[in-house]
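First comes the structure, then the notes that go with it.
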Amino acid sequence: MRHLKLILILSIGLNLIAAFFVAKELYLKYYASGSAPVEKKAEKTKIKYFLNRQELFEVLPKDSNSIIFLGNSLTQNYALEELFGNLNIKNRGISGDIIAGVLNRLNPIIQTKPRKIFIEIGINDLGGGISKDSVILNYKKLLDTLQTECKLTKIYVQSLFPVENGRKEFPTYCNPKINSEVREVNEELRKYSAKNSITFIDTYGTFELNGELNPKYSVDGIHLSGQGYLIWTKLLRPYVEE
């Protein structure tokens, strides 16, 4: 009987220890930063950042002589004023943005009626699991809206950049499937631009090496290095200055 009691006590003790470590893991995963899961808090932070930047764009002065660069983190990280030496250039990139996000924040751009718009968008759509057909459809909707609402604005569509295969930082982005879809989307954008009097700028060919992003132009398989931005600027300068 005494032997059974010892076994029971030992069993209860082990269960309590196990429960403690399980509870600790759950706490660290879900409640270390508050009452919501860490993933949800990160998503809320991302949304708040997006909204704050969008609000900033809405209150900035509207200048019809401006040249707007519209896009995601590749554009946001672009030191446009310094590299082009042009104060009329306005950076309207938001990190993590997708085509639907750009569509939802077009109002201040439409109100501006800028002289030129350079668009770089789409890789976050593909990397986030949005089908290439939806990407093409949404992109066409974006271009149709701009052409309808900004009739005097010169629109430049930049091809999607390739990505570097096998980079562990962004496994859903950096793989051959995404690179294949990038090429298909670019071809559709090229044809659509030609049909609708839109200038298509092929950045892909300069940054591509063996079907993926040339690693000497990238810091993580997606985002560009300083050298990459210099090359990009050289490509765009004739269009910016024309």
Side-chain angles (χ1 to χ4, degrees), residues 46 50 68-80 82-84 89 91-102 117-140 142-143 155-194 198-240:
K46 181 178 177 182
F50 181 95
I68 288 180
F69 276 68
L70 189 58
N72 50 43
S73 59
L74 288 166
T75 293
Q76 181 177 333
N77 296 338
Y78 202 160
L80 292 162
E82 291 179 86
L83 288 170
F84 285 101
I89 294 178
N91 192 320
R92 296 298 181 265
I94 297 183
S95 179
D97 208 358
I98 59 176
I99 300 171
V102 171
I117 297 177
F118 288 81
I119 306 171
E120 171 277 312
I121 196 72
I123 192 61
N124 289 323
D125 297 70
L126 295 176
I130 298 174
S131 72
K132 67 177 185 299
D133 291 336
S134 294
V135 170
I136 294 166
L137 187 65
N138 288 338
Y139 213 129
K140 290 178 179 179
L142 170 62
L143 295 175
I155 299 172
Y156 300 83
V157 171
Q158 301 175 74
S159 61
L160 276 67
F161 287 85
V163 291
E164 189 181 346
N165 292 332
R167 291 298 293 257
K168 295 180 180 179
E169 300 96 317
F170 303 100
T172 63
Y173 287 71
C174 298
N175 58 71
K177 177 178 179 292
I178 296 298
N179 272 315
S180 176
E181 292 178 340
V182 163
R183 289 189 288 272
E184 292 180 60
V185 170
N186 285 342
E187 180 59 21
E188 287 299 315
L189 292 177
R190 183 190 66 77
K191 291 190 291 188
Y192 189 80
S193 297
I198 295 169
T199 301
F200 180 78
I201 303 173
D202 177 20
T203 58
Y204 177 91
T206 299
F207 287 87
E208 177 267 341
L209 179 66
N210 300 323
E212 59 182 306
L213 178 59
N214 189 330
K216 74 178 182 179
Y217 296 138
S218 175
V219 294
D220 57 10
I222 299 177
H223 300 98
L224 299 182
S225 63
Q227 186 63 29
Y229 278 105
L230 291 178
I231 297 296
W232 192 5
T233 303
K234 185 177 180 180
L235 280 172
L236 296 184
R237 189 175 294 281
Y239 301 100
V240 170

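Note that the structure is predicted; figures quoted are calculated from it, not measured.
- With rounding to the nearest 0.5 Å, the separation of CG in L70 from CG in L142 is 6.5 Å.
- In this structure, E188 CD and L137 CG are separated by 11.5 Å, a value rounded to the nearest 0.5 Å.
- The ring-ring contact (aromatic ring centres under 6.0 Å, His included) test applied to Y217 returns F207, not counting sequence neighbours.
- Closest non-hydrogen pair, I198 versus V157, comes out as CG2-CG2, 3.6 Å.
- Panel note: side chain S225, backbone G228; a donor-acceptor pair is recorded below 3.5 Å.
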Please assess F69 against L236 for the test side-chain contact (heavy atoms from CB on, under 4.5 Å), listing each intermediate value before the final yes or no. CA-CA 11 Å; F69 276 68; L236 296 184; 3.6 Å; yes

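- To the nearest 0.5 Å, atom CD1 of residue I98 and atom OG of residue S134 are 10.5 Å apart.
- Considering only heavy atoms from C-beta on, I119 stays 4.5 Å or farther from T75 through its side chain.
- When all heavy atoms of I99 and V135 are compared, the closest pair comes out as CD1-O, 3.5 Å.
- Using a 4.5 Å heavy-atom threshold, the side chains of K140 and I136 count as touching.
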Check against side-chain contact (heavy atoms from CB on, under 4.5 Å), D202 and L235: CA-CA 9 Å; D202 177 20; L235 280 172; over 6 Å; no

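- For the residue pair G211 and R183, the shortest heavy atom distance occurs at O-NH1, 3.2 Å.
- Every residue meeting the side chain to side chain contact (heavy atoms under 4.5 Å, CB included) condition with K177, not counting sequence neighbours, appears here in chain and number order: N175, E181.
- Under the 3.5 Å distance criterion, the side-chain polar atoms of N91 are matched with a main-chain donor or acceptor of Y78.
- Proximity of W232 to E120: side-chain heavy atoms (C-beta onward) are separated by under 4.5 Å at one or more points.
- Put simply, the side chain of Y229 gets close to the backbone of L74: a donor and an acceptor are under 3.5 Å apart.
- With rounding to the nearest 0.5 angstrom, the CD atom of E164 is 9.5 Å from the CG atom of L209.
- Atom-to-atom distance recorded for L224:CG and N214:CG is 11.0 Å, nearest 0.5 angstrom.
- At distances below 3.5 Å, at least one donor-acceptor pair connects side-chain atoms of E212 with backbone N or O atoms of N165.
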side-chain contact (heavy atoms from CB on, under 4.5 Å), that's the test. Do L160 and L189 meet it? Break it down for me. CA-CA 10 Å; L160 276 67; L189 292 177; 4.0 Å; yes

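- The two residues G122 and N72 come nearest to each other via the heavy atoms N-ND2, 4.2 Å.
- Distance alone, capped at 3.5 Å, is enough to place a donor-acceptor pair between the N179 side chain and the V163 backbone.
- The two atoms that bring K132 and L126 nearest to each other are CA-CD2, 3.9 Å, heavy atoms only.
- In terms of the ring-ring contact (aromatic ring centres under 6.0 Å, His included) criterion, Y192 has no residue partners (sequence neighbours excluded).
- Side-chain contact annotation: S95 with Q76, donor-acceptor N/O pair under 3.5 Å absent.
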Given side-chain contact (heavy atoms from CB on, under 4.5 Å), test F170 with H223 step by step and report yes or no. CA-CA 11 Å; F170 303 100; H223 300 98; 4.1 Å; yes

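- Using a distance-only test at 3.5 Å, with no hydrogens or angles considered, no donor-acceptor pair links the side chain of S193 to the main chain of F200.
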Begin with the C-alpha distance, continue with both residues' side-chain angles, and end with the deciding distance and a verdict on side-chain hydrogen bond (donor to acceptor under 3.5 Å, both in side chains) for Q158 and T203. CA-CA 7 Å; Q158 301 175 74; T203 58; 5.4 Å; no

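- Checked by atom type and distance alone, the side chain of R167 never pairs as donor or acceptor with a backbone atom of Y173 at under 3.5 Å.
- With hydrogens and angles ignored, the 3.5 Å screen pairs a side-chain donor or acceptor of N124 with a backbone N or O of D97.
- Expressed to the nearest 0.5 Å, how far OG of S159 lies from CD1 of I201 amounts to 8.5 Å.
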